[in-house]
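As structure tokens, the structure follows; a few thoughts come after it.
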Amino acid sequence: MPDADTVRQDEFAAFETSVNGKFTTLETGIANIWTELKRINNRKTWINGSLVVFGSALGSGIVSALQHMHP
């Protein structure tokens with residue numbers, strides 16, 4: 001009688017195939033993200049991103065100041 005904790009070779013092969021397929025999908029996704037980052041890595045993107053962060057911080061500060069004003 002086989003042990004309940006023992007994995008058969010065919011079960012392991014199916015698991016290995018499944019995991020390898022998931023890693024392949026992950027590697028493809030990472031490669032796509034890396035390609036997109038290389039495409040948008042330029043001065044205009046850096047400036048626009050910086051302005052968005054600065055505007056968000058400024059807006060947050062204004063809202064915080066208005067919330068703490070006492071009548």
Side-chain angles (χ1 to χ4, degrees):
M1 179 170 207
D3 187 10
D5 294 331
T6 303
V7 176
R8 294 190 323 263
Q9 188 172 4
D10 60 331
E11 291 174 332
F12 181 78
F15 173 74
E16 185 178 29
T17 302
S18 171
V19 169
N20 287 342
K22 290 176 184 169
F23 278 127
T24 301
T25 303
L26 180 64
E27 289 170 347
T28 303
I30 290 172
N32 290 343
I33 290 171
W34 189 248
T35 301
E36 185 66 18
L37 285 175
K38 285 181 184 177
R39 185 183 72 77
I40 63 172
N41 187 15
N42 56 46
R43 182 180 303 268
K44 182 180 176 183
T45 305
W46 280 96
I47 291 171
N48 287 341
S50 299
L51 289 173
V52 167
V53 171
F54 176 71
S56 177
L58 183 63
S60 177
I62 291 171
V63 168
S64 181
L66 289 173
Q67 288 175 340
H68 289 89
M69 287 180 67
H70 295 290

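Everything quoted here is computed from the prediction, not taken from an experiment.
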Exercise for the section: Check whether Trp46 and Leu37 end up in the same hydrophobic cluster, where Ile, Leu, Val, Met, Phe, Trp and Tyr are linked by side-chain heavy atoms less than 4.5 Å apart. Expected result: no

Handout entry: Ile62 reachable from Phe54 in the ILVMFWY side-chain graph, under 4.5 Å edges
Key = yes

Exercise for the section: Give the minimum heavy-atom separation between Phe12 and Val7, together with the two atoms involved. Expected result: N-CG1, 3.8 Å

Practice task
Classify the side-chain pair Thr45/Asn42 by whether it contains a donor and acceptor separated by less than 3.5 Å.
Solution key: yes

Problem - Glu36 side chain reached by Ile33 side chain, heavy atoms, under 4.5 Å - result: no

Exercise for the section: Find out if a path of hydrophobic residues (ILVMFWY) with successive side-chain heavy-atom gaps under 4.5 Å connects Ile30 to Phe23. Expected result: yes

Problem - Under 3.5 Å donor-acceptor, Ser60 side chain and Ser56 backbone - result: no

Handout entry: Transitive ILVMFWY side-chain link Leu26 to Val19, under 4.5 Å
Key = yes

Problem - Short side-chain to backbone donor-acceptor contact, Ser18 and Ala14, under 3.5 Å - result: no

